[in-house]
There are 2 protein chains.
Amino acid sequence: MRTATAQRKPHRASRDAAPTDTHAIVTHIARAIAAHKLPPGAKLGEEALGEIFGVSRTKIRQALFQLTSDKLVTLIPGRGAFVAQPTVREAREVFEARRMVETSVLTAFIERASTKDMATLKNHIAEQQRATDAGTAQTRNHLLGDFHTVIARLAGNDVMTAIVAELVARTSLITLLYQNTRGASESLTDHHTLMAAIEKRDVKLALQLMVAHLNDVENGLVLKEEAPVVADLKSALG
Amino acid sequence: MRTATAQRKPHRASRDAAPTDTHAIVTHIARAIAAHKLPPGAKLGEEALGEIFGVSRTKIRQALFQLTSDKLVTLIPGRGAFVAQPTVREAREVFEARRMVETSVLTAFIERASTKDMATLKNHIAEQQRATDAGTAQTRNHLLGDFHTVIARLAGNDVMTAIVAELVARTSLITLLYQNTRGASESLTDHHTLMAAIEKRDVKLALQLMVAHLNDVENGLVLKEEAPVVADLKSALG
DNA sequence: TTTAAAATTATTGTATACAATTTAAATCAT
DNA sequence: ATGATTTAAATTGTATACAATAATTTTAAA
């Protein structure tokens, strides 16, 4: 069945470390990007990543392709993979998309939410508060973004949830590249105010607040084409 | 630098056929699915596809991963790739997502469209008409779906355009799986009526018509869990 | 004959080999 | 020295090798 040629170094079937799967690698890198450990423009060398994750280039490649389709990584043919550097135009489009998508999702949530859903959401805000008071910047930022995804999830539409999640991830890259002058505490305040309107099931007010919130974040950015930032790998992926 | 072992059959650098790139493969398979040549549930064997496209499994694999992230293909670990079979729930969610997303996009289009944009859209409908009168079912269906994507593109937001395009592609899979009883001519009529409202820049009416259109398509489906359909490869990818 | 078990064959998952580029370094001319 | 050319090293793109798993067929038992 197979044309036998010459024997080489044997493939090692059982490994010492865990058999890290592709999804884990994608998540790990995505997290590092969201946590601003890997700045926009950073080179993502395949061999280097393979070494870090104890896996061959094959899997790294898969991960990089997936990240590319998530728009977190840019793949330049023959040159390699880099952490994406969304343009000003793309940044504006992502924010517009969020206004469009999240207003619909929020409406659906308010119309459908059970008392339990409301409690879940309030609880999430409490977590955000705790992380802001006494957590790392990384978890705080993650939770602040995750809030929007959670609303989508509780609205009960997985398709919309995936869309929101992708937009939120892209936003975190954007806010790093165009240093937002707006602090995390302002966002948290927005979330509190928004939650109050949601709980009263005041759709009109809630939509107004959501749009205002997204606008404020966008306006807090310095949306000018910047000189690319660069940095190294090994330190970022602890 | 490299540990030389034994020589094997040489890699053929220059090929006889065109050096088909991954994107072309993705498009080709996606088209075949949209054209209903590859029914939901059909097995997508790697070796077989490689033979068809004259390329190794490596590239086929990449293409299948991409199609999986587009939700047109389902990847079962250890078992292989299959044309996706969206569940009833997923189908409903895709339609809800389209109502949410496309109303926002349509509003933006009407507010921003230049006279030229209007003409472009009208021209697209004329194409749809021609394809319905005297074209293949494949191009007709493609154009009927593409109409929605074109509105997004003309609205000027690439992020939203990508989202709409993905939802439209998934819809074509859904309409096959849950045989829609509604004919193409009805959709075309809807498009004509919608265009009239768009041209008058009557946002309220246009939104009403768009939602009604999407609802009618959804209601034309038999949304019951069906027994899987299956079929072969070679014939589908002419 | 029908079912269960074993052996066989085919397919997927992952690593590696090698060609083609691209990047970096070294050499040479101005 | 500075800039252009050549040479060398590293990196990416693609195919292939082999291991592991799943599907299939064959054989054996009931």
Side-chain angles (χ1 to χ4, degrees), chain A residues 1-26 41-68 73-83 228 230 232-234, chain B residues 1-26 41-68 73-83 228 230 232-234:
Chain A
M1 170 89 257
R2 193 159 292 291
T3 57
T5 45
Q7 73 280 13
R8 282 166 301 154
K9 219 183 311 182
H11 296 217
R12 44 183 192 148
S14 52
R15 291 244 328 294
D16 41 2
T20 327
D21 83 317
T22 302
H23 183 263
I25 297 172
V26 170
K43 176 77 192 286
L44 300 170
E46 299 181 357
E47 196 106 26
L49 287 170
E51 201 117 332
I52 290 170
F53 289 103
V55 86
S56 92
R57 281 178 52 217
T58 307
K59 273 188 173 175
I60 296 297
R61 217 132 213 287
Q62 283 176 211
L64 290 176
F65 280 125
Q66 170 140 5
L67 287 163
T68 298
V73 164
T74 301
L75 210 51
I76 304 179
R79 309 281 295 283
F82 304 82
V83 176
V230 202
D232 82 307
L233 270 186
K234 309 99 193 168
Chain B
M1 169 90 254
R2 192 159 292 291
T3 57
T5 45
Q7 73 281 12
R8 283 166 300 154
K9 219 183 312 182
H11 297 217
R12 46 186 191 144
S14 52
R15 291 244 328 294
D16 41 359
T20 327
D21 83 317
T22 302
H23 183 263
I25 297 172
V26 170
K43 176 76 192 284
L44 299 170
E46 300 181 357
E47 196 108 25
L49 287 170
E51 201 118 333
I52 290 170
F53 289 103
V55 86
S56 92
R57 281 178 52 216
T58 306
K59 273 187 174 178
I60 297 297
R61 213 133 218 286
Q62 283 177 208
L64 290 176
F65 280 124
Q66 171 141 4
L67 287 163
T68 298
V73 164
T74 301
L75 209 51
I76 304 178
R79 308 282 295 283
F82 304 83
V83 176
V230 204
D232 81 308
L233 270 187
K234 308 98 193 169

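Only a predicted model underlies this, so the values are computations on that prediction, with no experimental measurement involved. Sequence lines set the chain letters: A, B, ... in the order given, protein chains first and strands last, and positions in each chain run from 1. What you see below is based on every heavy atom in this structure, not just the backbone, and it leaves out hydrogens, waters and symmetry mates.
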For atom [atom1] of [X] and atom [atom2] of [N], their distance in whole Å:
| X | N | atom1 | atom2 | value |
| --- | --- | --- | --- | --- |
| B/Leu44 | C/dT12 | CG | C1' | 14 Å |
| A/Gln62 | D/dT12 | CD | P | 16 Å |
| B/Ile76 | D/dA23 | CD1 | C1' | 14 Å |
| A/Leu49 | D/dT12 | CG | C1' | 13 Å |
| B/Leu75 | D/dT21 | CG | P | 17 Å |
| B/Asp21 | C/dA20 | CG | P | 18 Å |
| A/Ile25 | C/dA15 | CD1 | C1' | 13 Å |
| A/Arg61 | D/dT11 | CZ | C1' | 10 Å |

Selection from D/dT14, C/dG13, D/dA23 that lies nearest to any side-chain heavy atom of B/Arg79: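 That would be D/dA23.
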
Heavy atoms from C-beta onward define the side chain here; which of C/dG13, C/dC18, D/dT16 lies closest to that of B/Glu46?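 The nucleotide sitting nearest to the side chain is C/dG13.
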
A/Thr22: what forms a side chain to side chain donor-acceptor pair (under 3.5 Å) with it, not counting sequence neighbours?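 Once residues adjacent in sequence are excluded, the partners of A/Thr22 under the side chain to side chain donor-acceptor pair (under 3.5 Å) criterion are A/Gln62.
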
Nearest-0.5 Å distance that lies between atom CD1 in A/Ile52 and atom CG in A/Leu44: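 So the gap between those two atoms works out to 9.5 Å.
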
Do any side-chain nitrogens or oxygens of A/Lys43 fall under 4.0 Å of OP1 or OP2 in D/dT12?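 Answer is yes, contact under 4.0 Å.
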
A/Leu49 side chain near A/Ile25 side chain, heavy-atom distance below 4.5 Å: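 No, their side chains stay 4.5 Å or more apart.
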
Any donor-acceptor pair under 3.5 Å linking the side chain of B/Lys59 with the backbone of B/Phe53?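 Not a single qualifying donor-acceptor pair exists.
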
When the nearest nucleotide of DNA chain C is assigned to A/Thr58 and to B/Glu47 on a heavy-atom basis, which residue is associated with the more 5' position?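 Residue closer to the 5' terminus by nearest nucleotide: B/Glu47.
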
Heavy-atom nearest nucleotide on DNA chain C for A/Arg57 versus A/Thr22: which residue maps closer to 5'?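 Result: A/Thr22.
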
